Amino acid sequence: MAALLFLLLLSISAVHADEGPYIGVNIGTALSAMPSATQVVALLKSQNIHHVRLYDADASLLAALANTGIRVVVSVPNEQLLAIGSSNATAAAWVARNVAAHFPTVNISAIAVGSEVLTSMPNAAPLLLPAMRFLQSALVASNLDKFVKVSTPHSSSIILDSFPPSQAFFNRSLDPILSPLLRFLQSTSSPLFLNVYPYYDYMQSNGVIPLDYALFRALPPNKEAVDANTLLHYTNVFDAVVDAAYFAMEYLNVTHVPVVVLESGWPHKGDPSTEPDATTDNADTYNSNLIRHVINSTGTPKHPGIAVPTYIYELYDEDQRPGALSEKSWGLFDSTGLPAYTLHLSGSGLLLANDTTNQTFCVAREGADPKLLQAALDWACGPGKVDCSVLMQGQACSEPDDVESHASYAFNAYYHGMGMGSGTCYFSGVAAITTTDPSHDTCLFAGSGGKNGTSLLNNTSLAPSANSTADQSGSTRTAIFAPSFLKLLVLLMPAALQLL
């Protein structure tokens with residue numbers, strides 16, 4: 001048993017060491033009809049989401065996440081900060097109950113201590129670093145410090161004069177806390193957790209920040225913001241804020257702490273009179289572009305090619321959140337697991353493939369049991385009424401001659417023949433939606449290059465076991481925009497144009 005545990009820990013360590021760029025999601029729970037833990041995890045699996053952040057350490061969710069391989073950031077809620085920051089024993093008990101009791105079957109990768117404490121709970125700020133140190137000591141005592149990192153999420157508003165990024169610095173009144181906190185992160189090889197919300201920056205800029213600049217839309221060169229000190233061109237708010245954090249850390253002589261964006265997103269609904277840009281189109285544009293930006297390892301102008309791991313805010317709409325309509329409408333899905341809007345992520349693979357246009361395909365899930373795949377293939381080519389003659393020897397899709405390839409073709413033909421309806425790409429859990437075209441050589445899949453397949457809607461029953469996930473968030477997101485960003489951006493733009 002000990003040997004098995006050792007091998008499992010080694011495998012987790014190896015995965016953590018060489019992990020590339022990734023997108024995660026935040027899971028808030030302020031829903032009037034919160035799905036069960038098993039339904040939440042089923043949705044994560046169906047969308048190939050491998051990184052999540054919880055706003056607490058909910059035992060039922062952690063139990064459901066066991067043995068899934070999904071990497072989990074657990075959180076210390078703000079209301080527990082006082083107790084943990086005041087007592088080493090309390091911190092040790094928290095780690096024992098919420099981390100050690102679940103690891104390694106639950107792939108816990110980090111503890112987020114509080115949420116935007118320096119801006120939302122300034123009176124508790126002196127306890128933040130002691131809490132982090134106590135938790136780190138508890139991890140060391142449990143031999144978990146190599147696998148689980150300790151950090152705390154900050155609002156980007158702690159960065160003052162954030163444009164140009166090269167002149168950015170943290171609010172100097174926070175230096176007595178931030179300086180040792182950053183040194184702690186550096187000494188423990190932990191990241192700086194930063195919440196980045198271009199939506200708020202845009203909304204509070206009074207028209208100074210163009211919408212396209214907030215949404216990652218392509219800008220002509222003469223519209224890009226240029227840092228006059230470095231001559232680096234910035235095409236979006238996200239990169240500018242992340243680089244501002246890097247420069248602000250350098251100002252405090254901290255140079256080896258990576259930035260992980262723990263929250264970012266765009267609301268898909270708002271009050272038309274006061275929140276006109278909280279729309280499904282803008283939410284789709286921002287999140288789709290953000291995902292591509294991260295997954296492609298675009299990096300930032302200061303660190304090109306170095307991805308910024310990012311967690312989208314958030315998985316579900318939280319209808320019980322207080323405040324404006326937009327505050328309840330950041331989710332990628334509603335409480336039943338249906339997409340709140342369509343993401344357009346062509347070429348991004350299986351991740352968050354909720355696009356219901358012809359740019360999605362249904363394929364055999366990687367690692368699926370071959371016997372289950374064969375049974376699903378037989379159903380698709382039989383009762384499912386898919387024309388599988390193209391899979392016969394010598395035909396266009398006969399090669400590769402294996403059950404996974406043949407099942408992918410049949411699953412996709414059924415999916416498109418049924419109009420890509422909800423639940424038509426499941427096949428008892430051995431199928432998954434992807435945005436990557438699986439066509440190859442002369443084998444053209446339905447939905448590729450305008451090929452839509454033959455409609456099966458009028459004469460075919462639904463595939464067996466149609467997929468359904470229908471069987472208080474701790475976010476303290478602050479909508480604060482540094483006035484100096486606006487001032488410097490206004491001053492910078494004319495100079496930037498002269499440089500082009």
Side-chain angles (χ1 to χ4, degrees), residues 26 28 30 53 55-56 73-88 90-91 94 110-136 150-162 168-186 188 190-197 199-201 203-204 241-242 244-249 251-254 257 259-264 311 313 321-324 327 472-487:
N26 289 271
R53 182 268 191 103
Y55 284 96
D56 50 22
V73 177
V74 294
S75 299
V76 175
N78 283 350
E79 58 268 23
Q80 296 180 18
L81 187 63
L82 175 61
I84 290 176
S86 303
S87 167
N88 197 359
T90 301
W94 194 97
I111 301 172
V113 184
S115 180
E116 300 188 348
V117 173
L118 300 185
T119 49
S120 67
M121 296 178 58
N123 291 337
L127 289 171
L128 182 57
L129 185 54
M132 295 170 69
R133 285 173 170 159
F134 287 155
L135 291 166
Q136 176 69 16
V150 177
S151 189
T152 182
H154 298 288
S155 165
S156 62
S157 65
I158 66 170
I159 305 170
L160 301 184
D161 286 339
S162 51
F169 56 90
F170 295 116
N171 185 330
R172 286 172 181 162
S173 68
L174 301 175
D175 279 359
I177 295 170
L178 268 178
S179 291
L181 191 153
L182 290 171
R183 289 196 294 272
F184 166 85
L185 296 179
Q186 187 165 257
T188 58
S190 300
L192 173 72
F193 284 160
L194 191 66
N195 296 343
V196 179
Y197 285 101
Y199 171 75
Y200 290 132
D201 296 341
M203 286 290 289
Q204 299 182 21
V241 173
V242 171
Y246 278 119
F247 279 109
M249 284 192 283
Y251 184 84
L252 295 178
N253 296 315
V254 175
V257 175
V259 172
V260 170
V261 174
L262 202 58
E263 294 181 15
S264 192
Y311 291 73
Y313 185 85
R321 282 188 63 86
E327 287 299 303
Q472 290 278 352
S473 171
S475 172
T476 52
R477 188 175 66 257
T478 50
I480 302 174
F481 187 82
S484 56
F485 187 106
L486 302 180
K487 177 186 68 178

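Here the structure is a predicted model, which means the values were calculated and not measured. Heavy atoms only: backbone and side chains are in, while hydrogens, waters and symmetry mates are out.
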Colleague: Can you list everything that forms a side-chain contact (heavy atoms from CB on, under 4.5 Å) with Leu127? Sequence neighbours excluded, please.
Modeller: Leu82, Ser86

Colleague: Check side chain to side chain donor-acceptor pair (under 3.5 Å) between Ser264 and all other residues, then give those that pass, not counting sequence neighbours.
Modeller: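 Partners of Ser264 by the side chain to side chain donor-acceptor pair (under 3.5 Å) criterion, ordered by chain and then number, come out as Tyr286.
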
Colleague: Does Ser155 reach the main-chain N or O of Glu116 with its side chain, forming a donor-acceptor pair under 3.5 Å?
Modeller: no

Colleague: Can you see which heavy atom on Val260 is nearest to which on Pro191, and at what distance?
Modeller: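 Distance-wise, the nearest heavy atoms are CG2-CB, 3.6 Å.
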
Colleague: Under 4.5 Å between any side-chain heavy atoms of Met249 and Val259, yes or no?
Modeller: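 They are in contact (side-chain heavy atoms under 4.5 Å apart), so the answer is yes.
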
Colleague: Flag the pair Tyr313 / Asn195 as yes when at least one side-chain heavy-atom distance between them is below 4.5 Å, and no otherwise.
Modeller: no

Colleague: Okay, side chain of Ser156, backbone of Val196: is any donor-acceptor separation there less than 3.5 Å?
Modeller: no

Colleague: Taking atom CZ as the centre, does Phe184 end up with more than 12 heavy-atom neighbours from other residues, nucleotides or ligands that are less than 6.0 angstrom away?
Modeller: yes

Colleague: Out of curiosity, His154 NE2 to Leu174 CG, how far, rounded to the nearest 0.5 Å?
Modeller: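 Here the rounded value is 9.0 Å.
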
Colleague: I need the minimum non-hydrogen distance between Asn26 and Leu262, along with the two atoms involved.
Modeller: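 Between these two residues, the closest heavy atoms are ND2-O, 2.9 Å.
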
Colleague: Within the side chain of Ser87, is there an N or O that forms a donor-acceptor pair under 3.5 Å with the backbone of Ala83?
Modeller: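 No.
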
Colleague: Is the side chain of Ser120 donor-acceptor paired with the backbone N or O of Ser115 at a distance under 3.5 Å, no angle test?
Modeller: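 At least one qualifying donor-acceptor pair exists.
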
Colleague: Would you please test Ile177 and Leu129 for side-chain contact (heavy atoms from CB on, under 4.5 Å) and show each step?
Modeller: CA-CA 7 Å; Ile177 295 170; Leu129 185 54; 5.5 Å; no

Colleague: Taking C-beta and beyond as the side chain, do Leu160 and Phe170 meet within less than 4.5 Å on heavy atoms?
Modeller: no

Colleague: Taking all heavy atoms of Ile111 and all of Phe193, pick out the closest pair and write down the distance.
Modeller: O-CE1, 4.4 Å

Colleague: Start with the C-alpha distance between Asp175 and Phe169, add both sets of side-chain angles, then the distance that settles side-chain contact (heavy atoms from CB on, under 4.5 Å), and finish with yes or no.
Modeller: CA-CA 10 Å; Asp175 279 359; Phe169 56 90; over 6 Å; no

Colleague: State, yes or no, whether a side-chain contact exists between Asn171 and Thr119 at a heavy-atom distance under 4.5 Å.
Modeller: no

Colleague: Determine whether Met203 and Tyr197 make a side-chain contact, defined as any pair of heavy atoms from C-beta on separated by less than 4.5 Å.
Modeller: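 Counting from C-beta outward, Met203 and Tyr197 never come under 4.5 Å.
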
Colleague: Report the distance from atom CG of Leu81 to atom OG1 of Thr152, rounding to the nearest 0.5 Å.
Modeller: 8.0 Å

Colleague: Please determine whether side-chain contact (heavy atoms from CB on, under 4.5 Å) holds for the pair Leu178 and Leu118, giving the CA-CA distance in whole Å, both sets of side-chain angles, and the decisive distance to 0.1 Å.
Modeller: CA-CA 9 Å; Leu178 268 178; Leu118 300 185; 4.0 Å; yes

Colleague: Would you check if Leu135 and Val76 make a side-chain contact, meaning some heavy-atom pair closer than 4.5 Å?
Modeller: yes

Colleague: Which heavy atom of Ser173 sits nearest to which heavy atom of Pro176, and what is that distance?
Modeller: O-CD, 3.6 Å

Colleague: Checking Tyr246 now: which residues fulfil ring pair (Phe, Tyr, Trp, His ring centres under 6.0 Å) with it, not counting sequence neighbours?
Modeller: His303

Colleague: About how many Å separate CZ of Phe247 and CD1 of Ile159, when rounded to the nearest 0.5 Å?
Modeller: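 Going from CD1 on Ile159 over to CZ on Phe247, the span is 12.0 Å.
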
Colleague: Give the minimum heavy-atom separation between Leu194 and Ala245, together with the two atoms involved.
Modeller: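 Heavy atoms of Leu194 and Ala245 come nearest at CD2-CB, 3.9 Å.
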
Colleague: Show your working on side-chain contact (heavy atoms from CB on, under 4.5 Å) between Met132 and Leu185 and close with a plain yes or no.
Modeller: CA-CA 10 Å; Met132 295 170 69; Leu185 296 179; 4.0 Å; yes

Colleague: Specify the closest pair of heavy atoms between Gly114 and Pro153, including all atoms of both residues, with the distance to one decimal.
Modeller: O-CD, 3.1 Å

Colleague: Within the side chain of Asn78, is there an N or O that forms a donor-acceptor pair under 3.5 Å with the backbone of Val117?
Modeller: no

Colleague: Check whether any side-chain heavy atom of Arg53 lies under 4.5 Å from a side-chain heavy atom of Ser75, and answer yes or no.
Modeller: yes

